[in-house]
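Below you'll find the structure, written out as structure tokens, and then a few comments.
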Amino acid sequence: MALPDGFLYELKERSDISDIVSGYVNLKRRGRNLVGLCPFHSEKTPSFNLYPENGSFYCFGCGAGGDVITFIMKIENLDYIEAVKFLAQRAGMDMPENSYDDGVGKLRMRIFEANREAARFYNKKLYEPEGREGLEYFYRRGLTDNIIRRFGLGYSPKSRYALCDHLKALGFSSAELVAANLAFMSSDGRRAVDRFADRVMFPIIDLRGNVIAFGGRILTDQKPKYLNTSDTPAFKKSANLFSLNNAKNTGERTLILCEGYMDVIALNKAGFKNAVATLGTALTPEQAVLMKRYADEVVICYDADEAGQKATARAITLLRNAGLVIRVLSIPEGKDPDEFIRNKGDKGAAAFKNVLDNSGNDVEYRLQNLKTKYDTNNPEQKAGYMTEALRIVSSLDSAVEQDIYVSKLAGELNIDKASISADLQKLRRKKENEYRKRDFTRISTELSGRDDKVNTEKAKHTRAAKAEEMLIAFLVYNNDMEPQVSARITPQDFVTKFNAQLYAYVVERIHEGVSPQTTFTRDFTSDEVSKFYAILHSYNSQTATKQAMNEYIDVILEEKHKLTPEKISEMSPEEIMASLKKKKSKE
């Protein structure tokens, strides 16, 4: 059974969307609405809009939209029921008993429980004889028992059945262990087999304190060196960061982004608890947006080798797009943070702080790296360096910043500043033209419906689909006009199936005396919810007149009766003649 309409209405009444969203997004007033940088994709210019009057949001950049429940689902990576529970607890409301199917939520909870027990098991094994090699590895890396306890580090035994046998004795099924990616089924399908064996283990903990996954490092020369939990119903690798649960509580608005678990742990041990790391993959746009929620500045602390420099270049782009200030830390002698701090002994923390305080911003880092590739005493190479350097400078949003670096380049290379500025202006104009072309392509694509994944028929029936969308929005905002609309048109008159379904739903909700927006998130998929709110927020309520309503209906009915090659192929000669006569009589 679905959650009761009355419960959902009260939940939304008690869950002020402005208060809730402002806990995740820096919002600014714009007329009656609020705007901010979207928390669901990287952007420099705010396209995330919040509508307090009807309790909804919509991002004109990525198309994410919905109500307060949708927002919590997306921002906290929860399913529908879990998001409702989250808001109900916040509002001091009890969930209705026996009124919903929480299958996915229950599986997630079982995965959390299995992971928690697995973490305890691995930690216990670390201090038993079979875990001696793992414990010695951590001690060699300078970790103390306190640090091991704080991060819940452990060891997975060599046996491929140790964890599975332990968890099954606690009541977990093989299916649950496989769902948690703690195990996989043997080739004959008879037994669950431990995914991790003979590895030191790093639990990954989410912002609510749940163990959601593991990273395991092998103690031999076997490959892969690191093995990480794959995506599960409780874990998405590209949307989480190691130790963000610790870093968010430091009170600082700066994060240190490291390459691996041990670097983060070493920095924590040295007092830098605002360190985080990706989970065995390169930085993703989702992780960059996640960091923006907890920081204004990110210090990139990757290895100085070629792979580290490539990873740094990628991270700079993603972090800048997320609106973060960036610094790049270069550790002397190319060491990683862990090795650098350990080699300095008691002075390790102070030495690292000195390096951290003297780290330059990402522009200086990129220009410095670029300069090593050119001999600026050679006129041709000097020109090549200048061309690439200006590409970097032109990527800056601030004209003041651009002017600072133009002056710096002019002084370094003994080139007239006016000449450099002229070249920079050409690059700016070129970029502006590219942006205009990109915007034109995006708008034309949206209007044509070519990329509409929800209403896949829109591209073939653009005129009809647009009229259908406008009529649906009109009806949502003008419930009292439903009898007049229904007297002229039915769902069967709609040309596109999705809009017909949407229209039927809105009419049914109005008949029941319930706002469609109260229950839409409950009854439709996430993509369909976003589509619904895209329709609502692309509608100009100032044009909501009876004449406009009738015009929408006229277009829909006209498009329905329009002869197309597909329709003609299915019609008899008599039906074709009748249709042509009808059309002629209207003319």
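Because the structure is a prediction, the values reported are computed rather than measured. The analysis underlying the following values was restricted to heavy atoms, covering all of them including side chains, and did not include hydrogens, waters or symmetry mates.
Taking the six-membered ring for Trp and thresholds of 30 and 60 degrees, F71 and Y24 have ring planes more than 60 degrees apart, a perpendicular arrangement. Ring geometry, Y226 versus Y261: the interplanar angle exceeds 60°, so the pair is classed perpendicular (tilted spans 30 to 60°).
The structure places CZ of F214 at 11.0 Å from CZ of F235, a figure rounded to the nearest 0.5 Å. Going from atom CG of L163 over to atom CZ of F196 covers 9.5 Å, rounded to the nearest 0.5 Å. If you take CZ on R217 and OG on S156, they are separated by 12.5 Å, rounding to the nearest 0.5 Å. Separation of atoms CG (L107) and CZ (F112) is listed at 10.0 Å; rounding is to 0.5 Å. Taken from CZ in R90 to CD1 in I20, the straight-line distance is 4.0 Å, to the nearest 0.5 Å. Of the inter-residue distances, the one linking D79 atom CG with K85 atom NZ reads 8.5 Å to the nearest 0.5 angstrom.
Taking 4.0 Å as the cut-off between side-chain N and carboxylate O, R342 and E339 do not count as a salt-bridged pair. Using a cutoff of 4.0 Å between basic side-chain nitrogens and carboxylate oxygens, R320 and D362 are scored as salt-bridged. By the 4.0 Å N-to-carboxylate-O rule, R110 lies close enough to E113 to be salt-bridged with it.
A 6.0 Å sphere centred on CD of E133 holds no more than 12 heavy atoms belonging to other residues, nucleotides or ligands. In the displayed structure, N414 atom CG is contacted under 6.0 Å by at most 12 heavy atoms of other residues, nucleotides or ligands. At most 12 heavy atoms of other shown residues, nucleotides or ligands fall within 6.0 angstrom of atom CZ in R32. With a 6.0 Å radius and a threshold of 12 heavy atoms from other residues, nucleotides or ligands, E130 has its CD atom above the threshold. More than 12 heavy atoms of other residues, nucleotides or ligands lie within 6.0 Å of NZ in K382, so this atom counts as buried by the packing criterion.
Under a 3.5 Å cut-off, the side chain of N49 and the backbone N or O of S47 do form a donor-acceptor pair. Side-chain atoms of S530 never come within 3.5 Å of backbone atoms of D527 as a donor-acceptor pair (strictly under, hydrogens ignored). With hydrogens and angles disregarded, no donor-acceptor distance shorter than 3.5 Å links the side chain of D338 to the backbone of A266. Panel note: side chain D303, backbone D305; no donor-acceptor pair is recorded below 3.5 Å. E43 places a side-chain N or O within 3.5 Å of a backbone atom of C38 that can act as its donor or acceptor partner.
Under the side-chain hydrogen bond (donor to acceptor under 3.5 Å, both in side chains) criterion, the residue pairs touching residues 197-213 are E76-R208, Y155-D198, D206-N210, with sequence neighbours excluded. Among residues at least two apart or in separate chains, salt bridge (charged side-chain N to carboxylate O under 4.0 Å, His left out) pairs with a member in residues 414-429 are D403-K417. Identified under the salt bridge (charged side-chain N to carboxylate O under 4.0 Å, His left out) test for residues 226-248, with sequence neighbours left out: K236-E286.
N249 and Y294 share no side-chain donor-acceptor pair at under 3.5 Å. Side-chain N/O atoms of Q222 and T220 include a donor and acceptor closer than 3.5 Å. Under the 3.5 Å distance criterion, with hydrogens and angles disregarded, a donor-acceptor pair is assigned to the side chains of N146 and R149. Side-chain contact check for D67 and T70: at least one donor-acceptor pair (N or O, by modelled atom type) lies under 3.5 Å. A donor atom on one side chain and an acceptor atom on the other are not found under 3.5 Å apart for N274 and T250.
Qualifying ring-ring contact (aromatic ring centres under 6.0 Å, His included) partners for F272, counting only residues two or more places apart in sequence or in other chains: F352. Partners of Y302 by ring-ring contact (aromatic ring centres under 6.0 Å, His included), not counting sequence neighbours: none found. Take E364 and apply the salt bridge (Lys or Arg N to Asp or Glu O under 4.0 Å) test, not counting sequence neighbours, and it matches no residue.
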Working for side chain to side chain contact (heavy atoms under 4.5 Å, CB included), residues V393 and I420: CA-CA 11 Å; V393 174; I420 300 176; over 6 Å; no
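Aromatic ring centres of F202 and F151: separated by at least 6.0 Å.
Under the side chain to side chain contact (heavy atoms under 4.5 Å, CB included) rule, F242 has a single partner from V264, D263, N228, I205, which is V264.
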